[in-house]
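Here the structure comes first, spelled out in C-alpha cells, and everything after it is commentary.
Within every chain, numbering begins at 1; the chains are lettered A, B, ... in the order of the sequence lines, protein sequences first and strands thereafter. Note that this is a predicted model, so its numbers are computed, not measured.
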Number of protein chains: 4
Amino acid sequence: METQKSVKAIDPGERIQSAALGLFIRKGITGTTTKEIAKKAGVSEGSIYNYFESKGDLAYKLFVRYMDEFRGELQEKASSVTGPAEKLSAAVRAFFGFAEKEPDAYAYIMIGHYTELRKMPDDKKKPRDIFVEIIGEGVREGVFRGMDENMGAAFVIGMITRAILFRTSGMLDTPYGELVEETASSSMRVLGFNNGQHPAGTAER
Amino acid sequence: METQKSVKAIDPGERIQSAALGLFIRKGITGTTTKEIAKKAGVSEGSIYNYFESKGDLAYKLFVRYMDEFRGELQEKASSVTGPAEKLSAAVRAFFGFAEKEPDAYAYIMIGHYTELRKMPDDKKKPRDIFVEIIGEGVREGVFRGMDENMGAAFVIGMITRAILFRTSGMLDTPYGELVEETASSSMRVLGFNNGQHPAGTAER
Amino acid sequence: METQKSVKAIDPGERIQSAALGLFIRKGITGTTTKEIAKKAGVSEGSIYNYFESKGDLAYKLFVRYMDEFRGELQEKASSVTGPAEKLSAAVRAFFGFAEKEPDAYAYIMIGHYTELRKMPDDKKKPRDIFVEIIGEGVREGVFRGMDENMGAAFVIGMITRAILFRTSGMLDTPYGELVEETASSSMRVLGFNNGQHPAGTAER
Amino acid sequence: METQKSVKAIDPGERIQSAALGLFIRKGITGTTTKEIAKKAGVSEGSIYNYFESKGDLAYKLFVRYMDEFRGELQEKASSVTGPAEKLSAAVRAFFGFAEKEPDAYAYIMIGHYTELRKMPDDKKKPRDIFVEIIGEGVREGVFRGMDENMGAAFVIGMITRAILFRTSGMLDTPYGELVEETASSSMRVLGFNNGQHPAGTAER
DNA sequence: AATGAATGAGAGTTCATTCAT
DNA sequence: AATGAATGAACTCTCATTCAT
C-alpha cells in the first residue's frame, strides 16, 4: 500500500525521461530547455542532475533505451515464427505496432537519425539488422529473389517509415490495419517472394 | 567580363547561403552560430542581417529554395517523357540525381523534415506531389495496380530515401547506377506494373 | 581498548576536519565541495552539518585550531629555554618543526592569510606575537640591537616562511637541518646579536 | 580631441581588468562574480567575453601582466647601478616602490602564489630571479658571504614581503622611508656584506 | 546521529541581434 | 551596404544547505 502513493510518487528519473521525450520530439533537443523539462516533470531543475549527467546524457540515454526496446520487440516478434517470409511479415507488423503503441518513442528514434544523436557511436544491434538478417536468410533459401540483403532492408524499412510518416502527418488516411497489410504485401513484391512454389522472381498471387 | 571578378566578388547573400548550408547540415541549425556563418562566408556578422531577417529566416529561405529546385528537377525530368511508368522511372532517376549532384542541398531537405523547419507551413507543391500525380495517373490508366496513390508515393519515396541514406552512411556499397536501376525496378514491382500487356497485379518481367 | 576500534570508528567530526584540510590546501576552500569532503571523510553530506554550522564554519574552525596548535608549540619550545637569543632560536626551530611535522596544517595557515580566512577577526594570541615578545625582550636587554620589535619579527618570520616556501616548491635544495641552522643564525645577524659580549648595535654602518 | 572623450571612453578591456583587479584582491577570484566585474567596469556581462576567454583567463592575464611589470621594474632599477650591493639595494627599494605605487597589483601578485594562479605554469623570468642573480654575483665576487644564492634570495624577499604585509595590515607603523632603509640594511647584514673592505665571511660566529 | 535526494539561487558562458560608425 | 563591439536574455550546470526518513 506504500508501494505507490500517487502519480507523483513514481521515480523522478522516470518522470524526467517521460517529460523530456515529449518535449524533445516537439521542440528538438537543443530547442528544449532544462527548465521546461523540470517543470513538466514536476521536479526542480537541479534534480535532473541527480539522475543524468547532462541534458545530452539524458537525450542519449533516452535514445538508447528506446532503440533497445524497439529492436527487442522486432526481434521477439520475428523469432516467434519460422520461415523468412513469416519472419519478415512479423517484423513489419511489429514495426507498425511499435509506432502505434509508443508514438513518442518511435518519433524520437526517427529524429535521432538526423540530429545530434546521429553521431553517437553504437555498436549494438540495431532494428535494421533484424531486417538484414531475415532478408539475407530468405535470399539464401531462395524464398526471396537474389538481391543485396542490405538493399532489400533499405527498401522495406523505407516503405514502412514513409508510410508511417505520411499517415502521421495526415497525408494518408488508409486505415491502420489495411496500411500494415499493404506494406507487408508490398514488401513481398519488392523481395520477389514466390510463395515457395517456384523460383523467385515470378510472384503472382 | 565583369560577371565574376573574384570569389569575393560574388553576391554576399549567395556566399552566406552557401556557408550556412554547409554548416547547417553538419552541426544543425541551432548548433550553428551566426559568427561561424559570417566567418565562413567572409562577411561580417552584421551583414547577414542586410540579406536575411534572422537566422531562422535564412534557414527557411534555404529550405524553400532547395525544395523548389528539387521539385523543379523532378518535374522537369518527369515531363520530358510520356506514360506513367516512364515518368515514374524518370522521377526516380531525378531523385537520385539530385542527391548525387547536390548532396548538401539534399541532406538539408531531408533534415528539414525532422527539425525546426518541419513546422514551417508550405502550400507550395512538393516533391512528393510529383510522385502522387504520376502514380494516380498510372492507377487510373490501369498501368499500375489499384492502390491509393498517396500510399504508393510513400512506398516509392521511402525506398529511394532509405536507399540513399544507407548508401550515404556506408551501409550499402551497391554501385550508384545499379542502385538507381534496382530502386526503379523495385518501385515497379510495388506498383504492380504489368508492362502494359494485361491487367495490373501480375507483374512478370 | 575501546579507544580505537577501527579507522571508521574515530570521531566523524575529526574525520571531516582531516578530509577538509587535505582538500582545502589542494583546491582552495571555495574550490572544495561538501560532497568531496563527505566522500573523503566517509560520511554523508548531511552529517557535516551535525558537526559544523556551514562549510565556512568548518574552514574557520580548522584555521583557529591549527593556529592555536602552532602558536602553542612555538610558545612551549620558547618557554623551555632562557634568554632572548635562546628563545628566538628555539622559536625558529619550532617554526620549521611544525612545518615539517604537519605540512598540511602549516600550508593551511599560510594560505589562510591570503584568502577568505584573512578577514576572520581574531584577538587571540598569534604565532607572530611570540616573536614580537622575544625580540622586544632582547632589545630591552641589549642582547639585540635597537630596533622596532614588530619590524624585527617581520624580518625573522619573513625569512623563515620564504625559506620554507622556496624549499617546498623545489627552488631550494638545502638539507632541512642546515636550512634551519642558517635561518636561525641569519636571524641573529638581522637582530644584531652580539653574543652578549658588548652592547648591541655595534655593527656600525 | 576625439582621442579621449571621457573616462568612460577608455578601452573597455582596460576597465574590465582594473575592475577585476580590485575585486579579486578583496574577495578572491572565485569569490568575485562576472556580474560584479561587469557592473564595476561599467560594461555588460557579455562584453567581458569580447576581451577575455573566461574569468580564469582574465585572472591569469592580469597575473602575468603585473608579474611582468613588477619584474621589469626590479630589473630596470637594478640595472641602473653597478656592484652587487648597489644592485641589491636598488632591487629592495624597487620592491617597496612597486608595492607603494601599485598596491593592488602587488597584493594580487602575492595572493597569486597561494591560489588558483599558483598552478599556472610560467617559464618566464620571475621577480625572484633578479634577487638570485644579484646575490649569486655578490657571493662569487666575495662581496657577500659564502651562501646559497637561492637561500639568500629567500631571506631577502621574505624580509621585504613580511615587512610590507605587517605594514599594510597595521601591525607596523614605521614610516615608509625608514622601513625601506631598515630592510635594505638588514638584507646586507643577512648577506654578510662587508662594505668591500675585506673578504666576505669575516663576521665570525 | 545519520542519510542523501531534493532544492533553488546563482554561477559562468553563449549568441542572435542591434546600431553607431 | 558593411562593420563588429556591445548587449542582455537565456542557457546549462553547480553546490551549500535542508529535511523527511
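- Classified by interplanar angle (parallel below 30°, tilted 30° to 60°, perpendicular above 60°), the ring pair B:Y106/B:F70 is perpendicular.
- A:T33 comes within contact range of the sugar-phosphate backbone alone, with a heavy-atom separation under 4.0 Å but no base atom that close.
- The base-pairing partner of F:dA9, taking Watson-Crick or G-U wobble contacts with both distances under 3.5 Å, is E:dT14.
- In a base pair of the Watson-Crick type (N1 to N3 plus N6-O4 or O6-N4) or a G-U wobble (N1-O2 and O6-N3), with each distance short of 3.5 Å, E:dT21 is matched with F:dA2.
- Taking the side chain as every heavy atom from C-beta outward, B:E69 and B:F98 approach each other to under 4.5 Å.
- Between C:I16 atom CD1 and E:dA1 atom P there is a gap of 11 Å when expressed in whole angstrom units.
- Checking the phosphate oxygens (OP1, OP2) of F:dC15, no side-chain nitrogen or oxygen of C:K35 falls inside 4.0 Å.
- Along DNA chain F, the nucleotide nearest to A:I29 and the one nearest to C:T30 differ in position, and the one closer to the 5' end is contacted by A:I29.
- Of the two residues near DNA chain F, A:E53 and B:Y51, the one whose nearest nucleotide lies more 5' is B:Y51.
- Base contact: D:T34 has a heavy atom under 4.0 Å from a base atom.
- The CG atom of C:D11 sits 9 Å away from the P atom of E:dA2 (whole-angstrom rounding).
- Between the OH atom of B:Y49 and the P atom of F:dG4 there is a distance of 16 Å, given to the nearest Å.
- Atoms CD (A:E36) and C1' (F:dC11) sit 11 Å apart, rounded to a whole Å.
- Per the geometry, NZ belonging to D:K55 stands 13 Å off C1' belonging to F:dT14, to the nearest Å.
- As a whole-Å value, the separation of B:D57 CG from E:dT17 C1' is 14 Å.
- The nearest heavy atom of DNA chain E to C:G46 and to B:E45 marks one nucleotide each, and the one closer to the 5' end goes with C:G46.
- Regarding B:F52, its CZ atom lies at a distance of 18 Å from the C1' atom of E:dT18, rounded to whole Å.
- For B:L58 and E:dT17, the CG to P distance is 10 Å, given to the nearest whole Å.
- Other residues, nucleotides and ligands contribute only 12 or fewer heavy atoms inside 6.0 Å of the CD atom of A:E53.
- Considering every non-hydrogen atom in both A:G112 and A:L117, the closest pair reads O-CB, 3.5 Å.
- Mapping C:S47 and A:I48 onto DNA chain E via the closest heavy atom, the residue that lands nearer the 5' end is C:S47.
- Under the Watson-Crick or G-U wobble criterion, with both distances below 3.5 Å, E:dG8 is paired with F:dC15.
- With D:K55 contributing its side chain and D:I29 its backbone, the two residues share a donor-acceptor pair below 3.5 Å.
- The listed nucleotides are E:dT18, E:dT13, F:dT17; the one nearest the side chain of C:S54 is F:dT17.
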